[in-house]
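Whatever order the structure lists ligands and atoms in, that order sets their numbers, starting from 1.
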Amino acid sequence: MEPERVDVTRSFLPPKEEYMAYVDTIWNSVCLTNQGPLVQEVNAKLQSFLGVQHFEFVSNGTVALMLALHVLDISGGEVITTPFSYVATTSSILWQENKPVFVDIDPETMCMDPNKIRKKITSKTKAIMPVHVFGMPCDVEAIEAVAEEYKLKVIYDGAHAFGAVYKGRSLLDYGDITTCSFHATKLFHTIEGGAVIAKDSKVNKKIQLAMRFGHNGDMHYQLGINGKCSEFHAAMGLANVKYLPELIEKRKHLSDTYDEALRGHVKLLEPVSGLQRNYAYYPVIFRSETQRQKVQSALNEGNIFPRRYFYPSLNRLPYVQGDPCPISEDIASRILCLPLYPSLEQSDQQRIIRLILDKLVK
Ligand SMILES: *Cc1c(COP(=O)(O)O)cnc(C)c1O
């Protein structure tokens, strides 16, 4: 009998009756969206969980990035960004009619290399958009120093950073704005959803308006869009949030098991001082592209589907003419994210490890 399919992730679902209890309140209030009680509640809970000054729950992580660029007035210019991310980072920059300018990554953290930013700054540069890839912190101090020197805005794509704490603060609490995603595949999810975390209260006010069409009643203030989430999404967030510490703990345990078995055989994420990890992903970097291919095929034959996070390096997108980024392109060719989710069976994890090690020694 073929073993059951194992994917890179599997969404956590809370006990159904706990979700349904929230749904019952929706049936009672007949309030489905537009700042309903559940959206307000989840907004407040997530904000206090993160310990951030401002927090706006929005429809997804991509709209969060678009809103961030929009309210900081970043359009028609250049935005310095990382080639090693999910495509949404670059597409938000393009969507706001900016040119993405790629800065290669640090091979250890896989985040933007701050030492390479200055060379890419021109008179058109308006902002820097780095990503805390796999919940690894960017060099936030170095990035802030460059941004201050050149008067640039910093927007962090924190889609992977929920639950990570860096130097005693949520990793989502850096930059002018940090965005997050609560998509079903993320560590914490609201089915679809995201957040904008702004440092400045005036900027936050603009987010609040921009995500609701730019008006408040009959008063129209600015260009806006629909960035709202429904009460049903908020209900999923409320049902999920109390399981968060337990989910991170289970992920940590699985990550430790992978670490023990794979250390020395493939390149792993190494601990960063000052970082309390969230264990959102388990990336491994193989010696060569061929080795990565061999392992991937062997896993696929065993009905196991890791993902190539991230491939291609975004400077290589067919609709983007980005400068070469040799480190990012190289890592993109050799990396796989292994299955990591709280309900991953120990036996499946052992099978994954065996299949990998088997291909490495041959
Ligand atoms: C998931 C993700 C996004 C997009 O979030 P959505 O909620 O799916 O729109 C953006 N950036 C990164 C790095 C992501 O992983």
Does the residue Gly194 have a heavy-atom contact with ligand 1, meaning some pair of atoms that are separated by less than 4.0 Å? no
A student checking ligand 1 against Gly193 at a 4.0 Å heavy-atom cut-off should list atoms 7 (O)
Ligand 1 to Ala88, heavy atom cutoff 4.0 Å, flagged ligand atoms 4 (C), 10 (C)
Any chance the rings of His160 and Phe84 have centres within less than 6.0 Å?
no
Next on the checklist: For Glu56, is there an ion pair with Lys206 - N to carboxylate O distance below 4.0 angstrom?
Outcome noted: no
Purely on distance, is any nitrogen or oxygen of Tyr281 under 3.5 Å from one on ligand 1? no
Ring centres under 6.0 angstrom apart (Tyr221, His215) = no
Notebook entry, point to check: Are Glu329 and Arg316 close enough for a salt bridge, meaning some N to O gap below 4.0 Å?
Noted result: yes
The closest protein heavy-atom partner of atom 1 (C) of ligand 1 is Lys186 NZ, 1.7 Å
Atom 10 (C) of ligand 1: closest protein heavy atom, distance to 0.1 Å, is Asp157 OD2, 3.5 Å
Exactly one candidate in Tyr258, Tyr86, Phe134 meets ring-ring contact (aromatic ring centres under 6.0 Å, His included) with Tyr281; the answer is Phe134
| message | Can you tell whether the side chains of Glu108 and Lys267 come within less than 4.0 Å, N to carboxylate O? | response | yes
The answer for which part of Glu192 has a heavy atom under 4.0 Å from ligand 1 is neither
Correct closest heavy-atom pair for Pro137 and Leu171 would be CB-CD1, 3.8 Å
Note: ligand 1 atoms sitting under 4.0 Å from heavy atoms of Ser85 are 13 (C)
> Can an N or O of Tyr86 be found at a distance shorter than 3.5 Å from an N or O of ligand 1?
Replying inline: no
Quick look: Thr62 vs ligand 1, heavy-atom contacts under 4.0 Å, and the answer is both
Paired with Phe49, the ring-ring contact (aromatic ring centres under 6.0 Å, His included) test is passed by just one of Phe162, Phe55, Phe188, namely Phe162
shortest atom 15 (O) of ligand 1-to-protein heavy-atom contact is with His160 NE2, 2.8 Å
If we number the atoms of ligand 1 from 1 as shown, the ones under 4.0 Å from a heavy atom of Asn60 are 7 (O), 9 (O)
One finds that the ligand 1 atoms under 4.0 Å from a non-hydrogen atom of Gly61 are 5 (O), 6 (P), 7 (O), 9 (O)
Do Arg354 and Asp358 meet the salt-bridge criterion of a basic N to acidic O distance under 4.0 Å? no
protein heavy-atom neighbour closest to atom 12 (C) of ligand 1 works out as Ala159 CB, 3.3 Å
